[in-house]
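The next block holds one structure in the form of structure tokens; read it before the comments.
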Amino acid sequence: MDIVSSVLEVEALTIAYGKGRRAIEAVSEVSLSIESGEALGLVGESGCGKSTLAMSVMSHLTGGARILSGSVQVCGIPVNGLRSSALRDLRARKLAMIHQDPMASLNPRLRIGRQLREVATLAVLSREEREARIEHTLRSVRLADTHRVLSSYPFELSGGQKQRIVIAMALLARPALMLLDEPTTALDVSVQAEIVDLIAEIRSSSQMGMLFISHDLPLVAQVCSRIGVMYKGELVEIGPTDQIMNEPSHPYSRALLACTPRIAARGQRALLTGIDIPSKVREPRIEGCRFADRCSNARADSCLEEHPQLRALNNLQPDDRVRCHFPITEQADVPLQDAVRNDTAPAALPAPLLEADHLTRLFPHRAVSGNGQAVRANDDISFHMYRGRTLAVIGESGSGKSTLARLVIGLDQPSDGYIRFEGSKLPPSGRSDKVASAMQMVFQNPGGTLNPARTVGTGLRRAIRKLTNLKAASAVDQRARDLMLAVQLDPALMDRYPAELSGGQKQRVAIARAFAGSPALVIADEAVSALDVSVQASILQLLKHLQAQRGTAILFISHDLAVVHAFADDVMIVYRGKVVHSGLVDDVYHGPLHPYTERLLNAALRSERPILETTSDENTPVTAGHGCVYAQKCHRRLGDICLTVEPPERRAAEATLRCHILLEQLGRLSPRQRVMPQACNPGGTSQLAAQ
Amino acid sequence: MSDHHPYVSKAASLLSEGRATRREFLRTVTLLGTAAATAYAMADKIIPQARAQEAQPTFKPGGEVKLGMRVDDVTKPFQVDSAQKSNIIRQTLDNLTRTGADNITRPNLVSKWDVSEDLKTWTLKLRNDVTFRSGRRFTADDVVWNLKFALDDANGSSSIGLFKSYMLNEEKAGDKKKVTLWDANAIEKVDDFTVRLNLKAPQLAVPEHLFHTALPMMDPESNGNFGVGANGTGAFEVVEFQPRNRIVYKARTNHWDRKPALETFAFYDLGDNASTAIAALASKQIDGLYEADASQVDVLSKFPGLKYYEIATSTTGVIRGKCNIKPFDDPRVRKALRLATDADAILQLSLRGRGKVGEHHHVAPVNPEYAPLPPMKRDLAEAKRLLAAAGYSSGLDLELSVPADYEYLVNMAQGVTSQWAEANIRVKLKVLPGAQYWEVWDKVPFGVTRWSHRPLAIMQLALAYRTGTPWNESSYSNPELDELLSKAEATVDIEQRRLIMKDIELLMQDDGPIVQPIWKSNYTYLRSDIGGFQMHPSGYIFGEELGLV
Amino acid sequence: MNPTVRLATRVGSALATMLVASFLVFVLLEYSSTNVSAKILGPYSSESSRQMLSEKLGLNDPLLVRYLRWIGVVVGLREDPVVTSGLIGSPVVDARYFGNFGYSQLYKKPVVEVVLPALENTALLATVAFFGIALLGMLIGIVCGAYEGSAIDRSLSLVASVAASVPEYASAVILMFVFVVTYQVLPGASNLDTTSGWSVSSQLILPAAVLIIYDFGYVARTVRTSMTNVMRSPYIKAAILKGLSFRRVVFVHALKNAMVTPFTVILLQIGWLVSGVVVTEVVFGYPGFGRVLLEASLSGDIALVEACTLISLVVVILTQVASDVGYMVLNPEMRARA
Amino acid sequence: MSDQTQPLLAPIRHGRPPVVIERIWRAVSNSLLLRSPLFYVGCVPVVLWCLVAIFAPLLTGYDPNAQDIAALSQPEPSALHLLGTDQLGRDVWARIAFGARSVLTIAPLSLLSSYAFGIVLGLASGYSRLIDPIVTKLCDVMLAFPVIVLYVVLITAIGPSSSNIIVAVTVSTAPAVARIVRGMVLDLKDREFVDAARIRNESGLYIMFFELLPNMVVPLLVDFCLRMGYTIIKIGSLGFLGLGLPPPDPDWGGMVKEGVAFMLVWPHISLVPCLAIASLVIGFNLVADAVASVARRA
């Protein structure tokens, strides 16, 4: 084995796309190193160059990217300019990578076994050894039925299983360095928690170095002992996890922390501060600090003119280096800001804007269930919405939350139940223009929300013409410009096509479009989940601002408990089409917890010991009217009663939950629950009390 | 000359006085039973002529010749209706007579014929050495059977049309028309090698009719069917027959007098694409063409080792309007069309000059009764004047239907339309696939029709221009012409007939329904080591005459 | 759904397509031609005899009745009225058998006897051309796709594009000019006659070359597109990063995925090869199916045209079914769902 | 309404070009396309032939149907006839130039009509579950016919003329276009912007033509260019089989056919139209390739 302790040594690496004057530096002067057994996290917004950096480590730069200067050494071997056979050998034995979309990195037409063996063959010699290694590795990623797994095609496995396979594949050759590029982004929250847990476990049990790349600061913090923060190709700060998570010195690191959603203590909601500058299409080149134009501390002279160097903050902490002229050293532990939550019980509110009554949506489809039985995407859902308030719907993928949004907005018709809007019942289909104008929606995917073939202005003007009484071209145009300004966009962007806008800008346009009329109700279906946290925060700010201004009710659909906690007033937690827990946000989050709520919270807070699903049989259909929908996966299942008898509705303060377990026996969040999840230091224990 | 028909001496005197052409004389006297050689000798005696006696070539024995030709499926020889189909059966099945390339009809399976003075009794003497391939001798019984078979309307032979006027009676049996021999003794076996035809009406052309393509002599046992192994008197037997692909003949093993030089003879079908045949010739997959297109001739002339053959015919294309509809109901319009046509140029365009200039009267220079006229010159001014007189001073807009299957007709149509344009006659062409065109050929208001070679002009004229005949495609009806035609048909005297023909020709030029700028010649290329080939005006090919030199 | 049910559904839908298509063919042809009995009796037949025949053949019946009768004859459930009417006379032809498409007026024999030999010949040419097209197309497509954007990709793609732009008649004429006339190394006519010393295989070279030149570019383009898409996919990137050799990445990981879409496209070339090669067959005088179809169309031999059209339909639909089944086999996901 | 009242920047522009045209213009003026050498190479023959078609009378001194008897025996290219004359003594260049007119009207017209039908059918079947099975089945049926079979059978049935060629091309091409459009509709109609339009209460027609259709412009443009080449070849095939435009009007495919017999002595008569067809088709194919590769990169 090599004696070199540093498995990765990156020195003053600069990578650029394109040539000549058009060249864009994706990575600038980045230096870092990873010792064996150490995990380094790299965080930053999309486009900050972290993935390019990772690919340069693999020596697989594509799309016209070139290393301009600097070097990358893996286990002392410089990877750049390596002969292809040597490079292949390096990749096969020393390196492993887990990609952004791990599901897609399995070949859909080869059996898992073949794909694993192929990797093992490159590293291991004998056949017996190979099989043993595969068996062992699969077990180490908690895949039990190895024989079945090996003979499966990828599509026959669940997302979590595929993820484990990918990890197993990476571990197979016992590499010196493992690169993880957003390994959990594509997963559901609860699965995500399990996988992160697995990664943390692997790290602690092996001598492998790890480079963990993510946009999610708390996630990285959970696994890594050191964290580097990247901004526009530069490493702006690097230091021990504790330091970065608690007392970051760079304004950008600090801003990142500030905009990361978190669950605040009872009676409070996190104040998320965006660091997005939405109105400009492309940032001008800055001579000085690259973060200057977004930095609240930036000073005209030095920040704009002089490029800061990465330097140690002080002698005491040589490991903590920062690229800033004016690093924040004082008030190091300024608490992240929270606002007071002043909730009113809905009961005290005037007549509801919208009443949903026993909404049920059946999909009578063989394709979904296989046994010919109807799938209940929504089962008997009732709720009220009020002007100026936000009702959040939380659920994992497939829980029916999007179906609910579609029912409310009228894109889908309920099989049963009805919706009453402003006091009058809505017809099952064919809503009036008035209702259409009063009820609008913001969609999840910024890429799909705007018609790519039409300019921003065209779409916006069309919405105005359709949703208001304005007809004259000049009035419509004026209104469109007003709307652009209201969502903090330069009206000049109206001549652009969506492809020329950033994700955040598109989402703002979508919001502008939704507010084209004067909607009393806006549905936001995962409206911020595809955005960078910094952008997400500013979009949420924008929505809040518009809501405050216009008294709009918002139906906020999300899978992210932290975002919901920061944004919503009321919440419904949906599982398989059924509301299992609902009420005021604080009462749901802090009150007696429905087991499902408990598991979600647990995952969101990234506890040391995630609550695992009880059974892995994901495909058992739920038969309506028999037992609790969550019973099959419930870690607190009482017994047959859960499977056969519909649980009673229990009220706890301003919350309602459906569970057979008595309120006082249900889990609770500690009243002084810390807002941020813990770094990977062993001291942090979950404060989630399990029964 | 004593046993010659009485008219033979009359014909001889006409020839000597210059009132009959040599060709007319030859045709007539041979039809009357004079042997061709004798006839030629007589003609030579009257008008001495340096006849290049073509030496009979000496052939190498054996060998193989493949000609490119459309190979249709022929199962019923008595229904053959095209030269190509007749060529398919001709190598195996013989006719009683044979009309040569010189338009002279000679005995073939008959050794000679005699005709009564009234032209009503024809005595056919058969050769006594003819055998079928099966070895059986060919006798009078076979002739009687074949003639009767051909003239039985159940067998659908076009021979009926030819013999109808002098051999058959048409009866109406209820709903159906029934055709029967006019007399039970009409076809009479005299002895084993003599057959007598007793005619209802006088007819000179009987020997020519016996060469009709749909009147081959078959083995009665064949029941009128043809195919591989067909039993005939011909020099070859069919060994392979794949319609639309090829037919291959082998020389008979038991020959009577007629022993072919070739061991194998074949026709190959290469489709209608002109270049395929050329390419096949180039790669020696075939040895010659049954008939070349004008376009192919130019190409093949560049090839080494090929020999060119050409013969003038009365094959032509006519452009005709329906005379019972506007504007063709006005003779001035019809004449204007003729006057606006430059026949010389059309001949160049459509046949690349390989043919004769037409004179718009459908009497070909190769027809014996042709009366030479001064050429009909193009006269645009007169054409315009006539049009104006007919009330079309601003010109005419017409649509001309053209069959696509004869390229020279399409070219001809393109040529005349561009010429006519100068006379303000604006014509749009409507080119139809052959099958579609021949379904409406006699119905389109303005069309182009191909007429095949006929030895006699009166046959042609009577067929196409007499009032009310079924093939009168132009619906032309002129009592004067009808009368002249009847007169010509009844006139045996060559000189008198030619006088009548001249009137007919002038009438056709002045009043007739057609524009007829060209006479097509037949031409082809064969490998130059093939001897014995003579281009036949009807496109007939006699495989047993060929050989390799 | 299990595979048999799935296959049965597919075949059923193919049959339905066949029925509808055959109905369209029937309507188009029977109605476009002026008069069916005139076609049978020939241009010189009399009006009264045409009418009699029309009655005898039931040509005045409603369209659907005639269509069903025709189908009945084709599948051998009914006797062909043309035969039983005695119009064809001897030699005696069966009036009832499966595949009875009637009697060809052009060839004067039952349509099947005309079509089958032609189909056989075409199958020979099509087979040769098919392998040429598939192999050349796949080879070029794979190379271009694997090295997307490289000089070899660009030049080969250009070659394929240009080749696909040259009409069959143009390449046929040019090839003929070069190889038959100028160098005299190949025969000019491909009538499959070997007595002139040209072997069948030598006669197949030019027509097959023409077809290959015209079509391989299309296949290559499809393969290339599919290949580039696969080569860009994350699992190929993953495979490369696993340290596999490029050859292994291409042949083990990329090919299997990349051939799924082109597989269908390649199979569908069979339909084109059987009936779409009229031009080539005409130029080379090849006694094939396309020429029969053309001649039948031009001469208005309705029975023959109907048969040819229907047979080419069957071929196309069969290849469609085959490609669907093949797709199922190639795609484990489909296989599992089936 | 808005709390930010300060109007910013740019003056308001009125009278905007229709979206589709703007889109095409954008696609064309898109620097990527203009930077693609393939695009220029492909444009050269297409533009040249278009110019030739437009200015045909100016580019040749001959009537394309005028027959020069004197040239019959000497059809080779000469100073008088730059590309020689054909078998009827007509100037080949004049016929090529005027033939470009028919090729460049019939092919685009027939494709336009195919696209009109195809797009309507495709949009309708992709968007409406009711219409879909009928249209799909019908398209299946039509697409089962081999194209050339369909052409030959149709043209022999209805007769060769430019309008009938357009009919034949439409019958065979529209279902293919419909299928493509349907596929794209199915792909697009679940996108959020369509939902956004639906919740604005936009009519189905508006969504089909103004929301969905503009998104298909680029792929359809690629398809159109490819099909142009293909259609030109197929129309040429018809001409070659004698089912093209009726004479005397020049028709490239027909010219090849007429000249093919003279291939060995006067190859120019059919080679020139062959090259004309091939170059035009290559042009369209390369343009299609260029648009496709640019669209992929963009």
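Residue numbers begin at 1 in each chain, while the letters A, B, ... track the order of the sequences.
- In this structure, the portion of Leu186(C) lying under 4.5 Å from any heavy atom of chain B is its backbone and not its side chain.
- In plain terms, the two heavy atoms of Ser283(B) and Gly188(C) that are nearest each other are OG-N, 2.8 Å.
- Asn245(B) touches chain C through its side chain: at least one heavy atom from C-beta onward sits under 4.5 Å away, while N, CA, C and O do not.
- The environment of NZ in Lys66(B) is crowded: more than 12 heavy-atom neighbours from other residues, nucleotides or ligands sit within 6.0 Å.
- By the 6.0 Å contact criterion, CZ on Phe241(B) is enclosed, its count of non-hydrogen atoms from other residues, nucleotides or ligands being greater than 12.
- Put simply, CG on Leu270(B) and CZ on Arg291(C) are 7.5 Å apart, with the number rounded to the nearest 0.5 Å.
- The candidate with the highest count of non-hydrogen atom pairs below 4.5 Å against chain B, out of Gly285(C), Pro287(C), Pro187(C), Ala172(C), is Pro187(C).
- Proximity to chain B (any heavy atom under 4.5 Å) is restricted, for Glu295(C), to the side chain, taken from C-beta onward.
- Residues Thr276(B) and Val283(C) share a closest heavy-atom pair of OG1-O, 2.6 Å.
- Atom CD of Glu113(C) is separated from atom CG of Asp73(B) by 9.5 Å, given to the nearest 0.5 angstrom.
- Partners of Phe226(B) according to the ring-ring contact (aromatic ring centres under 6.0 Å, His included) rule, which considers only residues two or more places apart in sequence or in another chain, do not exist here.
- Nearest heavy-atom pair, Ala279(B) versus Met176(C), reported as atom, atom and distance to 0.1 Å: CB-SD, 3.7 Å.
- Residue contact with chain C, scored on non-hydrogen atoms closer than 4.5 Å, is absent for Gln242(B).
- At most 12 heavy atoms of other shown residues, nucleotides or ligands fall within 6.0 angstrom of atom CD in Glu221(B).
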